[in-house]
Amino acid sequence: MTTVRPSEQMRDLGVVQYGAPVLAEAARLFDLPAEKDTAEQTVETLFAAMERIARVHPFAKGMGIAAPQIGIGRAAAVVQPADPAAAAIVLLNPRITARSEEMDEQFEGCLSFFDVRGIVLRPLTITVVTTEPDGTEVTTVYERGLARLIAHEIDHLDGLLYTARMRPGMEPIPVEEYRQTGRAWAYDQ
């Protein structure tokens, strides 16, 4: 019996894997509202990819996917919060405009190299400006696990993987050694 590695499974579901040039390049912004149709098609493609992935892997911490991860070098991402009843968050041309000084470290995984998990230092609160398809800018504040998910996807749009955020000398661990699958991130209250 052959075992399919988690990264191979993601590749088979259409997720671009580590080493692909599109993952290391800054995504091109949408000219909104002029490219409204293109932006909406990209978001639909992201939702379809997210649905395929969610059918084969549970995400207790929520999940996100950025356009470069499906081979589209445009500034779009979709995040599904940990609460399955919560609406998905669409990010078009997102940029972080403020970060809290309060930080924490948690393990993160990435669909583009799903065989490992790494400890990443991130701010507990971020302020993000996105653009609606009609060109309107919207500012939203995200906290804790949702801030982490959003920041991770915005990093993808900037051509960064979470390993770039790990402390010097830290290395990702094999997914087989990771013991927090199926559990939400822990935060001190």
Side-chain angles (χ1 to χ4, degrees), residues 10 15 23-24 26-27 29-30 32 39 42-43 46-47 49-50 53-54 57-70 74-114 116-133 136-168 170 172-173 175 178-189:
M10 290 301 138
V15 178
L23 295 176
L29 298 175
F30 290 98
L32 296 169
T42 302
V43 169
L46 286 166
F47 273 115
M50 187 179 273
I53 294 161
H57 187 84
F59 290 90
K61 295 172 180 71
M63 77 170 286
I65 190 164
Q69 290 182 280
I70 57 171
R74 299 304 299 268
V78 176
V79 171
Q80 176 59 55
D83 176 0
I89 298 163
V90 174
L91 303 165
L92 292 174
N93 297 346
R95 65 186 190 281
I96 298 173
T97 57
R99 294 168 172 81
S100 66
E101 289 186 25
E102 191 179 6
M103 312 269 283
D104 83 321
E105 287 185 312
Q106 301 279 345
F107 275 100
E108 291 185 18
C110 183
L111 300 173
S112 291
F113 51 110
F114 212 53
V116 295
R117 302 292 183 270
I119 295 237
V120 182
L121 182 67
R122 295 222 188 249
L124 283 174
T125 305
I126 59 173
T127 302
V128 177
V129 175
T130 57
T131 309
E132 294 292 307
T136 307
E137 286 195 340
V138 176
T139 301
T140 309
V141 175
Y142 298 101
E143 297 181 332
R144 300 185 181 269
L146 198 48
R148 179 172 293 280
L149 284 167
I150 300 281
H152 179 109
E153 298 312 320
I154 292 173
D155 276 353
H156 273 300
L157 301 178
D158 291 336
L160 295 173
L161 300 176
Y162 75 73
T163 49
R165 301 273 186 210
M166 294 176 68
R167 292 185 189 267
M170 297 281 292
I173 63 168
V175 70
Y178 177 68
R179 300 288 175 236
Q180 296 173 38
T181 295
R183 293 190 296 182
W185 279 302
Y187 290 96
D188 296 331
Q189 300 299 337

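- Summarising the geometry, atom CZ belonging to F30 is positioned 4.5 Å from atom CZ belonging to R74; distances are rounded to the nearest 0.5 Å.
- Taking 4.5 Å as the limit, every side-chain heavy atom of E102 sits out of range of all side-chain heavy atoms of T125.
- Side-chain N or O atoms of R148 include one that pairs as donor or acceptor with a backbone N or O of D104 at under 3.5 Å.
- Taking each heavy atom of Q69 and C110 in turn, the nearest pair found is NE2-SG, 3.8 Å.
- At least one side-chain heavy atom of I70 sits under 4.5 Å from a side-chain heavy atom of I65.
- For D83 (side chain) and A85 (main-chain N/O), a donor-acceptor pair under 3.5 Å exists by modelled atom type.
- Taking all atoms of both residues into account, the shortest heavy-atom contact from A76 to L92 is CB-CD2, 3.7 Å.
- Using a 4.5 Å heavy-atom cutoff, the side chains of I89 and L146 are in contact.
- For T42 against A67, the heavy-atom pair with the smallest separation is CG2-CB, 4.0 Å.
- Atom CZ of F107 sits about 9.0 Å away from atom OH of Y162, to the nearest 0.5 Å.
- By the 4.5 Å heavy-atom criterion applied to side chains, V78 and L91 are not counted as neighbours.
- A donor-acceptor pair under 3.5 Å is absent between the side-chain atoms of N93 and the main chain of L29, judged by distance alone.
- Proximity of a side-chain donor or acceptor of E153 to a complementary backbone N or O of A66 within less than 3.5 Å is detected.
- The two residues P68 and A27 come nearest to each other via the heavy atoms CG-CB, 4.3 Å.
- Nearest heavy atom pair, residue L157 against residue A77, reads CD1-CB, 4.4 Å.
- In this structure, F113 CZ and M10 CE are separated by 13.0 Å, a value rounded to the nearest 0.5 Å.
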When you look at Y142 and L124, which way does the side-chain contact (heavy atoms from CB on, under 4.5 Å) test go after all the steps?
CA-CA 8 Å; Y142 298 101; L124 283 174; over 6 Å; no
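- Residues passing the side-chain contact (heavy atoms from CB on, under 4.5 Å) test with E137 are R95, V129, T131, sequence neighbours excluded.
- You'll find the side chain of S100 stays beyond 4.5 Å of the side chain of E143, heavy atoms only.
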Which is it for Q106 and I119 under the side-chain contact (heavy atoms from CB on, under 4.5 Å) test, yes or no, and what are the steps along the way?
CA-CA 5 Å; Q106 301 279 345; I119 295 237; over 6 Å; no
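- In summary, of the residues considered (K61, H152, R117), a side chain to side chain donor-acceptor pair (under 3.5 Å) with E108 occurs for H152 alone.
- Scored by the side-chain contact (heavy atoms from CB on, under 4.5 Å) test, E101 finds no partners at all (sequence neighbours excluded).
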Could you walk me through whether V15 and S112 pass the side-chain contact (heavy atoms from CB on, under 4.5 Å) test, one step at a time?
CA-CA 6 Å; V15 178; S112 291; 3.8 Å; yes
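- Under the 4.5 Å side-chain criterion, counting only non-hydrogen atoms from C-beta, T163 is in contact with P172.
- R122 places a side-chain heavy atom less than 4.5 Å from the side chain of D155.
- The minimum heavy-atom distance between P81 and A87, with the atom names listed, is CD-O, 3.4 Å.
- Side-chain contact between L161 and H156 is present, with heavy atoms from C-beta onward closer than 4.5 Å.
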Step-by-step side-chain contact (heavy atoms from CB on, under 4.5 Å) determination, E105 to V120:
CA-CA 5 Å; E105 287 185 312; V120 182; over 6 Å; no
